[in-house]
Amino acid sequence: MYNPKSLKAEEFISHEEILSTLEYADKNKDNLELVDQIIAKAKERKGLSHREASVLLACDNEEKIKEIYALAEQIKKDFYGNRIVMFAPLYLSNYCVNGCVYCPYHLKNKHIARKKLTQEEIEKEVIALQDIGHKRLAIEAGEDPVNNPIEYILESIKTIYAIKHKNGAIRRVNVNIAATTVENYRKLKDAGIGTYILFQETYHKESYEQLHPTGPKHDYAYHTEAMDRAMEGGIDDVGLGVLFGLELYRYEFAGLLMHAEHLEAVHGVGPHTISVPRLKRADDIDPDQFDNGISDEIFEKICALIRISVPYTGMIISTRESQAVREKVIKLGVSQISGASRTSVGGYTEEERPHDSEQFDVSDQRTLDEVVRWLMELGYIPSFCTACYREGRTGDRFMSLCKAGQIQNCCHPNALMTLKEFLMDYASPETREIGEKLIAEEVYNVPKEKVREICKENLVNIENGKRDFRF
Ligand code: SAM
């Protein structure tokens, strides 16, 4: 039944295979010889299978967990250096016809304020985002064919890319909208989107159907096969994720890795990113009503294991998590974070953080300037880079760049140049001071002399008012 190459959801995410994986993991969790073999394989940096990774997830030997964390940290350093890519979500509309029981946008919620931004309102939101320094957005919308048809999404993307306020520009728009048709994915591709993101929520079919009792999202197969349709529509970069808290985490973890293996087997390229959202309190949603919440410790272990299992896949964390948790998982493998997020429709143009149309409570409420400064104080380089997809480095072309070890000659100078733009245009004096010092030191970590020299020249050009350099 289980077949990673199949295009049928229930065959590439086989329930029986997951159950047998969990049984195998339980049986072997104290088999330290096997655990050592799996860790040794992970050290080759070619990833782990869902079975191997599940054994490590089940293993609770403290020494081995320490070894796994150290390896995750090392792989993170080797593949992503000390760069952290920054983005912000932009909520376009919270009209939704689905019945997702964990989401406050569900159709039966009659007291949440329903809002859909007009193009003029989108312009205001984008200007507000540009004015704090963002260059990369993830647009979010509920599923509603009447209120939020694909034409609305496409028009909004066009509006976003067209706005240039002062030195601001949104250079990459990622899209997180409900599963759709190949034809619509092709339209999104033609509109110039970056990554298409869709969270699976849960890989457990029976739970999935109960958690999505009504609306088009109820269809497990249609949802689970969405990434295959997106790739058929020409989108190279897709982002996976599960909403932790809905089902047993070990089940979800195995399902997530099987999904990644499936994309690699069928399309020759795995997911571009994996997101790790955890269920949060929101309008009429109480996370305590769901039995499968995970502790911070388990969450960290999951992040470390994703890092060593799919070393080439970026990992994203949102402001659902607190500053303290973010600090830990950035070290263990997260490569992209949001900053200064507002999860309400129209939230960026309001003075105060509005709660009436929020999708979930935001734990990390700091400003972008504060987040950038905090990252730099921890020794990271906040990066506003969007070069890869603009240079056509998507899908397997991006992966070959990683595999050839060329990231340090590309991503590193790009991070420094985009950080420099941020410092010049948006940073507070304290942040700028720390940032300038960091750039001056980090420019010497560009390995190729020629690239380093061009990077230095461009940093001077940015100082003199020029913008948007990239390798
Ligand atoms: N409507 C789109 C869909 O169906 O995929 C995607 C947009 S939705 C605004 C983004 C994600 O927020 C969902 O996929 C879900 O995982 C997450 N989400 C929903 N309710 C949440 C909650 N209470 N806490 C945390 N995340 C939540």
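For the numbers below, each heavy atom of this structure counts, side chains included, while hydrogens, waters and symmetry mates do not.
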Once rounded to the nearest 0.5 Å, what's the spacing between atom [atom1] of [X] and atom [atom2] of [Y]?
X      : Y      : atom1 : atom2 : answer
Tyr69  : Leu305 : OH    : CG    : 7.5 Å
Asn174 : Tyr196 : CG    : OH    : 12.0 Å
His262 : Thr224 : NE2   : OG1   : 10.0 Å

Pairing of Lys43 and Glu67 as salt bridge, 4.0 angstrom limit
yes

Could you tell me which non-hydrogen atom of [X] sits nearest to which non-hydrogen atom of [Y], and how far apart they are?
X      : Y      : result
Leu198 : Ala226 : CD2-CB, 3.5 Å
Leu368 : Gly133 : CD2-C, 4.2 Å
Ser344 : Tyr91  : O-CB, 3.9 Å
Met376 : Leu419 : SD-CD2, 3.9 Å
Asn147 : Tyr95  : ND2-CD2, 3.5 Å
Cys385 : Ala387 : SG-N, 3.3 Å

Taking the side chain from Asp237 and the backbone from His272, do they hold a donor-acceptor pair closer than 3.5 Å?
no

Would you say the side-chain atoms of Lys41 pair up with the backbone N or O of Leu48, donor to acceptor, closer than 3.5 Å?
no

Is the closest side-chain heavy-atom distance between [X] and [Y] below 4.5 Å?
X      : Y      : answer
Ile454 : Phe471 : yes
Tyr185 : Glu232 : no
Val310 : Pro271 : no
Leu263 : Leu240 : yes
Met86  : Ser338 : no
Ile407 : Arg83  : yes
Tyr203 : His259 : yes
Glu421 : Tyr426 : no

Quick one, Lys280 with Ser363, criterion side-chain hydrogen bond (donor to acceptor under 3.5 Å, both in side chains). Give me CA distance, side-chain angles, the key distance, then yes/no.
CA-CA 9 Å; Lys280 294 277 303 179; Ser363 290; 2.6 Å; yes

Taking the six-membered ring for Trp, is the centroid-to-centroid distance between Phe79 and Tyr312 below 6.0 Å?
yes

How would you list, by chain and number, every residue that makes a side-chain hydrogen bond (donor to acceptor under 3.5 Å, both in side chains) with [X], sequence neighbours excluded?
X      : result
Asn176 : Glu140
Ser318 : Arg320
His134 : none

Under 6.0 Å from the [atom1] atom of [X], do we count more than 12 heavy atoms belonging to anything else shown?
X      : atom1 : value
Lys437 : NZ    : no
Lys115 : NZ    : yes
Glu183 : CD    : no
Glu433 : CD    : no
Lys328 : NZ    : no

Could you tabulate the donor-acceptor pairs under 3.5 Å formed by side-chain atoms of residues 121-129, not counting sequence neighbours?
| unit_1 | atom_1 | unit_2 | atom_2 | d |
| --- | --- | --- | --- | --- |
| Glu121 | OE1 | Thr118 | N | 2.8 |
| Glu121 | OE1 | Thr118 | OG1 | 3.4 |
| Glu125 | OE1 | Tyr348 | N | 3.3 |
| Glu125 | OE2 | Tyr348 | N | 3.1 |
| Glu125 | OE2 | Thr349 | N | 2.9 |
| Glu125 | OE2 | Thr349 | OG1 | 2.7 |

Among Ile197, Ile193, Leu90, whose side-chain contact (heavy atoms from CB on, under 4.5 Å) with Ile139 holds?
Leu90

Partner of Ile337 by side-chain contact (heavy atoms from CB on, under 4.5 Å), out of Thr319, Val329, Val371, Ile316
Val371

Residues in salt bridge (charged side-chain N to carboxylate O under 4.0 Å, His left out) contact with [X], at least two apart in sequence or another chain:
X      : answer
Asp369 : Arg373
Glu436 : Lys420, Arg432
Asp396 : none
Asp425 : Arg467

Contacts of His50 meeting ring-ring contact (aromatic ring centres under 6.0 Å, His included) (sequence neighbours excluded), chain-then-number -> Tyr2

Once ring-ring contact (aromatic ring centres under 6.0 Å, His included) is applied, do any residues pair with Tyr102, and if so which ones, sequence neighbours excluded?
His212

Just by distance, no angles: are the side chains of [X] and [Y] close enough, under 3.5 Å, to form a donor-acceptor pair?
X      : Y      : answer
Glu247 : Thr202 : no
Asp228 : His267 : yes
Arg172 : Thr195 : yes

Under the 6.0 Å and 45° cation-pi test, does Arg229 pair with Tyr222?
yes

Tell me which pairs pass salt bridge (Lys or Arg N to Asp or Glu O under 4.0 Å) where either residue lies in residues 261-272, with sequence neighbours left out.
none

Can you list the steps and then say if Glu143 with Asn98 is a side-chain hydrogen bond (donor to acceptor under 3.5 Å, both in side chains)?
CA-CA 7 Å; Glu143 179 166 16; Asn98 285 315; 2.8 Å; yes

Worked check of salt bridge (charged side-chain N to carboxylate O under 4.0 Å, His left out) between Asp468 and Arg171:
CA-CA 10 Å; Asp468 203 11; Arg171 299 173 181 156; 3.5 Å; yes

Salt bridge (charged side-chain N to carboxylate O under 4.0 Å, His left out) for Asp296 and Arg278? Distances and angles first, verdict last.
CA-CA 10 Å; Asp296 291 349; Arg278 280 198 283 185; 2.8 Å; yes

According to the interplanar angle, ranging from 0 to 90°, do the rings of Phe422 and Phe384 count as parallel (below 30°), tilted (30 to 60°) or perpendicular (above 60°)?
parallel

Enumerate donor-acceptor pairs with a distance under 3.5 Å from any side-chain N or O in residues 444-453 to protein atoms, sequence neighbours excluded.
| unit_1 | atom_1 | unit_2 | atom_2 | d |
| --- | --- | --- | --- | --- |
| Asn445 | ND2 | Glu442 | OE1 | 2.9 |
| Arg452 | NE | Val446 | O | 3.0 |
| Arg452 | NH2 | Pro447 | O | 3.2 |

